[in-house]
Amino acid sequence: MATTDPATLPPQTTWYLATDLPRPGGPREADSSEPAADLNEVVRIYGIRHWIEQSYKQIKDELGWADFQSVAIPPSAATRPW
């Protein structure tokens with residue numbers, strides 16, 4: 001949770017954030033392939049998320065990809081019609 005006032009948790013300035021990144025010194029830190037992230041790092045990542053999503057949408061629109069959806073198909077699932 002990130003908030004400007006921990007005592008009252010004002011709705012306009014309180015974020016409830018979820019992440020699967022381990023916390024520094026936590027039990028999952030040693031086994032994780034991702035680096036540990038403290039609260040400041042999680043808030044920073046969430047803060048740039050909206051900017052990244054909007055940039056991606058604008059790029060798709062500019063390139064004419066807005067009407068397409070990309071999916072990853074594993075090679076084992078691909079079949080040839082011949």
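As a basis for the values below, the full set of heavy atoms in this structure was taken, side chains included, without hydrogen atoms, waters or symmetry mates.
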Notebook entry, point to check: Among Asp5, Thr4, Thr3, whose side chain to side chain donor-acceptor pair (under 3.5 Å) with Thr13 holds?
Noted result: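 Output: one option passes, namely Thr4.
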
Q.
If the condition is side chain to side chain donor-acceptor pair (under 3.5 Å), which residues does Ser55 pass it with, not counting sequence neighbours?
A.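 Listed in chain order: nothing, the list is empty.
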
Task: Side-chain heavy-atom pair Tyr56, Asp61 within 4.5 angstrom cut-off - done: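 Side chain of Tyr56 against side chain of Asp61, heavy atoms only: no contact under 4.5 Å found.
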
Could you identify which residues cluster with Leu17, counting Ile, Leu, Val, Met, Phe, Trp and Tyr as linked when any side-chain heavy atoms lie under 4.5 Å apart, either directly or through a chain of such contacts?
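Besides Leu17, the hydrophobic cluster comprises Trp15, Leu39, Val42, Val43, Tyr46, listed by chain and residue number.
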
Practice item. Could you list all the side chain to side chain donor-acceptor pair (under 3.5 Å) pairs where at least one residue sits in residues 31-40, not counting sequence neighbours? Key: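 Residue pairs with at least one partner in residues 31-40: there are none.
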
State the OG1-CD distance between Thr19 and Glu41, to the nearest 0.5 angstrom.
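Rounded to the nearest 0.5 Å, the OG1-CD separation comes out at 9.5 Å.
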
Checklist entry - Does the pair Arg49/Glu53 count as a salt bridge with the N-to-O cut at 4.0 Å? => result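 Looking at Arg49 and Glu53, the cut-off is met.
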
Begin from the C-alpha positions of Leu63 and Ile59 and carry the test side-chain contact (heavy atoms from CB on, under 4.5 Å) through to its verdict.
CA-CA 6 Å; Leu63 295 174; Ile59 290 169; 3.8 Å; yes

Quick one: does any side-chain atom of Arg28 pair with a main-chain N or O of Asp20 as donor and acceptor, under 3.5 Å?
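Yes.
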
Kindly say whether Gln58 contributes a backbone atom to a donor-acceptor pair with the side chain of Glu62 at under 3.5 angstrom?
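Looks like no, no N/O pair under 3.5 Å.
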
| request: Specify the closest pair of heavy atoms between Ala37 and Pro24, including all atoms of both residues, with the distance to one decimal. | output: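 Closest approach of Ala37 to Pro24, heavy atoms only: O-CD, 3.5 Å.
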
Practice problem: Determine whether more than 12 heavy atoms belonging to other residues, nucleotides or ligands lie under 6.0 Å from atom NZ of Lys60. | Solution: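 Yes, the 6.0 Å shell around NZ holds more than 12 heavy atoms from other groups.
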
